[in-house]
Amino acid sequence: MEKKNLLYEGKAKKMFHTSDENLIWIEYLDQATALNGGMKDQISGKGTLNNQITSKIFHYLSEQGIMSHFIRQLGKTEQLVKKLDIIPLEVVVRNSAAGSFSKRLGIVEGQKLPEPIVEFYYKKDQLNDPFINEEHILFLNIANEKEINELKEQARKINQVLIDLFQKINLQLIDFKLEFGKTENGDLLLGDEISPDTCRLWDLKTRAHMDKDVYRRKIGEIVPVYQEVLTRLNQLGL
Ligand code: ADP
Ligand code: UDP
């Protein structure tokens with residue numbers, strides 16, 4: 001597979017065209033951002049960790065019958081994936097209160113929710129990715145009712161698989177963000193990444209943050225923390 005010209009450069013990844021118009025080459029960057037770019041740092045080693053963690057998780061999801069854009073890991077920081085027309089929604093699943101949910105609703109962080117809650121955010125940097133509901137999604141023509149239901153169903157299914165996976169490595173899945181898109185034939189597929197950048201993971205015993213909150217909240221260094229998540233996945237044989 002041949003890497004061609006740059007398609008898009010985001011905050012955490014670069015996407016390149018390839019010799020196959022339906023496939024793209026993703027390069028994970030050593031850049032960390034938060035607060036919609038308000039915090040920005042180069043963190044050596046972050047790209048390779050997130051690429052390895054995402055590759056292992058997407059591979060595991062496919063073994064569990066969950067299809068995604070992921071085809072294969074190409075190198076330390078690179079992946080080959082199916083090109084998607086990304087639906088501009090961040091689909092967030094919450095198992096316990098944290099972050100913006102805790103702030104908005106005044107619920108203490110870590111409080112377990114009786115049932116997982118699925119939320120939608122409009123992926124639009126200029127608007128700071130606002131929280132939106134299903135009627136907004138229909139109004140904005142982002143997705144139709146059937147697609148919204150499919151997104152929620154997929155998100156809940158993925159949640160169950162990930163809760164079980166992380167439990168096996170002594171991590172509690174507090175919440176996470178997913179992105180979906182459509183392939184050239186209109187199939188809805190999971191895209192983007194699943195890593196400590198996009199999930200909240202708490203150590204089951206110590207309750208320590210094992211995710212990007214370490215960076216956002218200036219708790220410590222993310223590389224050793226992300227490395228620990230990868231080491232635990234490796235120990236599972238993933
Ligand atoms: P951001 O755009 O928020 O800065 P990234 O740096 O992670 O985020 O860039 C990755 C971009 O690529 C995101 O906008 C994401 O929606 C998009 N993307 C993820 N997977 C695919 C895919 N398979 N095909 C096309 N675009 C994708
Ligand atoms: N998240 C993400 N990208 C975003 C916003 C959120 O990956 O642009 C993830 C975040 O890591 C967390 C979940 O989505 O696992 C919920 O985030 P929240 O709404 O609590 O926002 P935050 O407190 O991070 O601003």
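First listed ligand is number 1; within each ligand, the first listed atom is number 1. These numbers come from a predicted model, not from an experiment.
- Taking the charged nitrogens against the carboxylate oxygens, Glu109 and Arg217 do have a contact shorter than 4.0 Å, which makes a salt bridge.
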Discussion item. Using side chain to side chain contact (heavy atoms under 4.5 Å, CB included), reason through Glu147 and Phe180 one step at a time and then give a plain yes or no.
Written reply: CA-CA 10 Å; Glu147 289 165 339; Phe180 294 86; over 6 Å; no

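- Distances from atom 25 (O) of ligand 2 to the protein include no heavy-atom value under 4.0 Å.
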Practice prompt. Please test Gln235 against Thr231 for side-chain hydrogen bond (donor to acceptor under 3.5 Å, both in side chains), starting from the C-alpha separation and ending with a verdict.
Written response: CA-CA 6 Å; Gln235 283 164 354; Thr231 301; over 6 Å; no

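- With atom 7 (O) of ligand 2 as the reference point, the heavy atom nearest to it among Thr198, Asn128, Asp129 is part of Thr198.
- Near Val81, meaning under 4.0 Å from one of its heavy atoms, ligand 1 places the atoms 23 (N).
- The residue from Thr54, Ile71, Leu74 that alone fulfils the side-chain contact (heavy atoms from CB on, under 4.5 Å) condition with Gln79 is Thr54.
- Near Gly99, with a cut-off below 4.0 Å to any heavy atom, the atoms of ligand 2 are 20 (O), 23 (O).
- Taking a 4.0 Å cut-off on heavy atoms, Glu9 fails to register as neighbouring ligand 1.
- Residue, atom and distance of the protein heavy atom nearest to atom 3 (N) of ligand 2 are Lys177 CE, 3.6 Å.
- When only interatomic distances are considered, the shortest N/O to N/O separation between Leu84 and ligand 1 falls below 3.5 Å.
- Of all the heavy atoms of Lys11, the ones lying under 4.0 Å from any atom of ligand 1 are found in both the backbone and the side chain.
- Using a 4.0 Å cut-off to heavy atoms of Glu179, the atoms of ligand 1 that qualify are 15 (C), 16 (O).
- Looking at atom 17 (O) of ligand 2, its nearest protein heavy atom turns out to be Arg200 NH1, 3.6 Å.
- Between Lys83 and ligand 1, a contact under 3.5 Å exists for no N or O pair.
- Of the candidates Val92, Asp211, Asn159, Ile194, Phe176 forms a side-chain contact (heavy atoms from CB on, under 4.5 Å) with just one, namely Asn159.
- Judged by the shortest distance from any of its heavy atoms, Tyr121 lies inside the 4.0 Å radius around the atoms of ligand 2.
- Scanning all protein heavy atoms for the shortest distance to atom 19 (C) of ligand 1 gives Asp192 OD1, 3.3 Å.
- In this comparison of Leu201, Asp211, Asp175, the heavy atom closest to atom 12 (C) of ligand 2 sits on Asp175.
- Around atom CD of Gln64, more than 12 heavy atoms belonging to other residues, nucleotides or ligands sit under 6.0 Å away.
- Among all protein heavy atoms, the one lying closest to atom 12 (O) of ligand 1 is Met15 CE, 3.3 Å.
- Close approach of ligand 2 to Asp197 is summarised as follows: ligand atoms under 4.0 Å from at least one heavy atom of the residue are 7 (O), 11 (O).
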Worksheet item: Would Lys56 and Asn234 count as a side-chain hydrogen bond (donor to acceptor under 3.5 Å, both in side chains) if you check the C-alpha gap in whole Å, the side-chain angles of each, and the deciding distance to 0.1 Å?
Response: CA-CA 9 Å; Lys56 285 180 190 295; Asn234 283 335; 3.1 Å; yes

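- Under the side-chain hydrogen bond (donor to acceptor under 3.5 Å, both in side chains) rule, Lys46 has a single partner from Asp41, Asp197, Asp30, which is Asp197.
- With a 4.0 Å cut-off on non-hydrogen atoms, Arg216 touches ligand 2 through its side chain and not its backbone.
- Side-chain contact of His17 with Glu21: a donor-acceptor pair under 3.5 Å is absent, judged by distance alone.
- The shortest heavy-atom distance from Lys103 to ligand 2 is not under 4.0 Å.
- Each of the atoms 22 (C), 24 (N), 25 (C) of ligand 1 lies under 4.0 Å from some heavy atom of Ile24.
- When heavy-atom distances to ligand 2 are checked against a 4.0 Å cut-off, Glu90 comes that close only through its side chain, counted from C-beta outward.
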Discussion item. Using side-chain hydrogen bond (donor to acceptor under 3.5 Å, both in side chains), reason through Ser100 and Arg94 one step at a time and then give a plain yes or no.
Written reply: CA-CA 11 Å; Ser100 69; Arg94 301 184 185 271; 3.1 Å; yes

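- Closest to atom 21 (O) of ligand 2, if we only count protein heavy atoms, is Ser100 OG, 3.8 Å.
- Atoms of ligand 2 lying under 4.0 Å from any heavy atom of Arg94, numbered from 1 in the order shown and given with element: 16 (C), 18 (P), 19 (O), 20 (O).
- The environment of Arg156 atom CZ is dense: over 12 non-hydrogen atoms of other residues, nucleotides or ligands sit within 6.0 angstrom.
- Exactly one residue among Leu190, Val81, Leu23 makes a side-chain contact (heavy atoms from CB on, under 4.5 Å) with His69. That residue is Val81.
- Residues Leu6 and Ile24 do not share a hydrophobic cluster, clusters being chains of Ile/Leu/Val/Met/Phe/Trp/Tyr side chains in contact below 4.5 Å.
- Taking any N or O of Gly191, backbone or side chain, none lies under 3.5 Å from an N or O belonging to ligand 1.
- Under the 30°/60° scheme for interplanar angles, the aromatic rings of His209 and Trp202 are found to stand perpendicular.
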